[in-house]
Structures are given as structure tokens and as C-alpha cells.
Amino acid sequence: MFSKHEKQVSNVDTVIGSASKFQGDLNSQASIRIDGEFKGNITCDGDVVIGAEGKVEADVTGRDLTVAGQIDGNVHASGTLRIEATGVINGDITMGVLVIDEGGTFTGRSNMIVDDSKKSKKAKQDSQNEEQVS
């Protein structure tokens, strides 16, 4: 059921099983796991796991996303987006961290979320380093 990298979400609020089909908008504050078919939009404050049998035609927004199945749509992960060896994403992605296992497939454009606090710390460090070199 879980691959070796697939995140085992302990507080899964919603599961769409492998024999299930769902169409519509799904909003959740807890984590979601999809092993069946889903069409619509997914907005989740928690983690989203698309199992190896999962097929999603939707825009997906969540914290950490693990994709072992297929997503046809745009993806926004505020944290980590992991595409496993069997995972496929066809659409644009935005994420904090991107991990693609060997064999994973991504077709689209990617945009990494920039943490402004880290960016300003780096600029300050670079400025201090230049002053020390001068």
C-alpha cells in the first residue's frame, strides 16, 4: 500500500479508495489520501497523498504532496512535492521543495516558492562577506 518513500499520514481525514470515483470540489483541513479516481479541485491544509492507483484530474493545493499515481492539473505544495517512481504530473507545479524519484515524470512548468526571510539573510551575509574582503 505504501512505497518506501511514501509518506504515511497519521491523521488522514479523507480517503478515496481504489474502487471509488469522486467528482466535485474537496476542501479539507486534515490530510487526504486518494487511491481511486478524482475529478474537480482539491484544497487541503494538510498533506495530500495520491496512491499508485490514484488518478486525479484536478488542481491540487496542499502542504506536502506525495504523488505515486497520476495528476492531470496544476499543483501547489507549500512544503515538499515528491513525485515517486510511479508518479506522473501533467501540469504546472509550485512548491517549496521538489523531489523526483528516478522514473517519476513531470510535464509542465515549475516555480519554487522563495522564502523571503532566507533570501534577506543570504543577502545580508553576502554583504558582510564583501565588506570583509574589501
Side-chain angles (χ1 to χ4, degrees):
M1 185 173 184
F2 291 102
S3 70
K4 67 180 181 177
H5 293 291
E6 194 167 329
K7 188 173 194 168
Q8 294 186 24
V9 181
S10 60
N11 186 22
V12 174
D13 185 56
T14 304
V15 176
I16 297 177
S18 60
S20 299
K21 294 181 181 181
F22 183 93
Q23 186 168 346
D25 292 337
L26 178 57
N27 297 300
S28 178
Q29 293 179 341
S31 297
I32 299 170
R33 181 179 176 91
I34 299 175
D35 291 311
E37 293 182 25
F38 184 98
K39 291 183 182 182
N41 292 296
I42 298 170
T43 304
C44 180
D45 292 338
D47 299 335
V48 179
V49 175
I50 310 300
E53 300 298 316
K55 183 164 171 56
V56 174
E57 292 180 36
D59 289 341
V60 180
T61 300
R63 184 176 50 208
D64 293 334
L65 274 76
T66 301
V67 181
Q70 180 170 335
I71 296 178
D72 293 318
N74 298 325
V75 174
H76 184 277
S78 59
T80 300
L81 170 60
R82 176 180 211 99
I83 304 173
E84 300 213 342
T86 57
V88 176
I89 296 179
N90 296 309
D92 296 342
I93 59 174
T94 302
M95 70 280 137
V97 175
L98 175 63
V99 177
I100 303 177
D101 291 348
E102 185 175 346
T105 304
F106 160 61
T107 304
R109 295 181 306 184
S110 65
N111 183 37
M112 185 161 288
I113 299 168
V114 177
D115 184 347
D116 289 336
S117 64
K118 289 181 182 177
K119 190 176 178 181
S120 64
K121 285 179 187 176
K122 180 165 177 15
K124 186 175 179 180
Q125 271 184 330
D126 290 346
S127 175
Q128 289 173 345
N129 290 341
E130 286 177 12
E131 291 173 4
Q132 290 175 355
V133 173
S134 299

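The distance from atom OG1 of Thr94 to atom CG of Asn111, rounded to the nearest 0.5 Å, is 4.5 Å. Interatomic distance, Arg63 CZ to Thr80 OG1, rounded to the nearest 0.5 Å: 10.5 Å. In this structure, Ile113 CD1 and Leu98 CG are separated by 11.5 Å, a value rounded to the nearest 0.5 Å. A distance of 7.0 Å separates CD in Glu37 from NZ in Lys39, rounded to the nearest 0.5 Å. Here Lys21 contributes atom NZ and Phe38 contributes atom CZ; the two are 14.5 Å apart, rounded to the nearest 0.5 Å.
Among all heavy-atom pairs drawn from Leu65 and Ala77, the shortest one is CD1-CB, 3.7 Å. Looking at every heavy atom in both residues, Cys44 comes nearest to Ala30 through SG-O, 2.9 Å. The minimum heavy-atom distance between Ile32 and Ser28, with the atom names listed, is CD1-CB, 3.8 Å.
A salt bridge between Asp72 and Lys55 is present, with a side-chain N of the basic residue lying under 4.0 Å from a carboxylate O of the acidic one.
More than 12 heavy-atom neighbours from other residues, nucleotides or ligands sit within 6.0 angstrom of CD on Gln70.
You'll find the side chain of Met95 reaches within 4.5 Å of the side chain of Met112, heavy atoms only. Between Thr66 and Asp64 there is no side-chain heavy-atom pair separated by less than 4.5 Å. In this structure the side chain of Thr43 never reaches within 4.5 angstrom of the side chain of Asp25, judged on heavy atoms. Using a 4.5 Å heavy-atom cutoff, the side chains of Val60 and Ile50 are not in contact. Two residues are said to be in side-chain contact when any heavy atoms from C-beta on lie closer than 4.5 Å; Thr105 and Ile83 fail this criterion.
When each of Asn41, Asp59, Ile93 is paired with Asn74, the side chain to side chain contact (heavy atoms under 4.5 Å, CB included) condition holds for Asp59 and for no other.
With hydrogens and angles ignored, the 3.5 Å screen pairs no side-chain donor or acceptor of Asp47 with any backbone N or O of Ser31.
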Query raised in the report: What's the verdict on side chain to side chain contact (heavy atoms under 4.5 Å, CB included) for Ile89 and Leu81, showing C-alpha distance, side-chain angles and the deciding distance?
Result: CA-CA 11 Å; Ile89 296 179; Leu81 170 60; 4.0 Å; yes

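Hydrophobic cluster membership differs between Ile100 and Val88, with clusters built from Ile, Leu, Val, Met, Phe, Trp and Tyr side chains linked at under 4.5 angstrom.
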